[in-house]
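So you know, we letter chains A, B, ... as the sequences are listed, proteins then strands, and number each from 1. These numbers were taken from a predicted model, which means no experiment stands behind them.
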Amino acid sequence: MRSGIRTIAGADISLSLYSQTVFAGIVVLSFPEMRVLSYSLVQGTARFPYVPGYLAFREVPTIMEAWEQLPEKPDVIMFDGNGILHARRMGIASHFGVLADCITMGCAKKKLAGKFDEPGEGRGQFSEVIDKGDTIGFALRTKERVKPVFISPGHGMSLEDSLNIAMQSVGKYRLPEPTRRAHEHVNLFRTGALPAGYHKVDTLTLF
DNA sequence: GCGACAG
DNA sequence: ATCTTGTCGC
């Protein structure tokens, strides 16, 4: 079956130490080329503390503003966090997907719930993350000699879809391009190198 | 009580 | 997450 995916976005936020200011961003890239097409940056305020298992309550409000500011929605959004790889199967990707009624998935750098066996050492090797008898995601080795990332569907896709999309989104770094680019952009935004708002990348200047 | 604990 | 410099390895 065809993926039907033409664009995929990465969503993330950047924080300043000792500050409640949050810098949220969504970067849209072409799929599967992984070229940045546009991005939306919004500054907001964290009104909820970071509590493992409740990340969405802290980050979703500002990311939602960045989402509403996007004139053209991507086919899929990859979050820096989890989808159903969560104690209650409701990580930030699942949470946002339900609220915005869009297709989402999660890609976390550390395990939040469940158990898993270390995946094979090669690039593309993976293992299932299981919690209470349910497969809730995968530990995926995106490169050799790096710790695996944790992939899981958020809203509107299957476990298999999330793994396939994640694998097709990996470039030359450990983090898949969507979240890697999102992280890069929100950091440039926080340091003042990029202005708030919606920005379309000039494909003619892209070479 | 002990270990785990996304960002 | 963020604060930080150099440093080791491919």
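- For A:P52, whose side chain is taken as the heavy atoms from C-beta onward, the closest listed nucleotide among B:dC5, C:dT2, B:dG7 is B:dC5.
- Under the 30°/60° scheme for interplanar angles, the aromatic rings of A:F57 and A:F48 are found to be tilted.
- OP1 or OP2 of C:dA1 sits under 4.0 Å from a side-chain N or O of A:K109.
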TODO: Convert the base pairs of DNA chain C into dot-bracket notation, remembering that pairs crossing earlier ones are written with [ ] and that bases paired across to another strand are shown as |; include only Watson-Crick or G-U pairs under 3.5 Å.
DONE: ..........

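- Using cut-offs of 30° and 60° on the angle between ring planes, the pair A:F79 and A:F96 is tilted.
- Under 3.5 Å, the side chains of A:N187 and A:S14 contain a donor-acceptor pair of N or O atoms.
- For A:R145, counting side-chain heavy atoms from C-beta on, the closest listed nucleotide (B:dC5, B:dG7, C:dC10) is C:dC10.
- In this structure, the separation between CG on A:L188 and NE2 on A:H183 is 10.5 Å, given to the nearest 0.5 Å.
- Here A:Y50 does not pack flat against the base of C:dA1, since the 5.5 angstrom centre distance and 30 degree tilt limits are not both met.
- Considering only side-chain atoms of A:D12, the nucleotide from B:dA6, C:dT2, B:dG7 that sits closest is B:dG7.
- Minimum atom distance to the side chain of A:R190 is reached by C:dC3, of the listed B:dA6, B:dG7, C:dC3.
- Scanning both residues, A:P195 and A:L41, for their nearest heavy atoms gives O-CD2, 3.4 Å.
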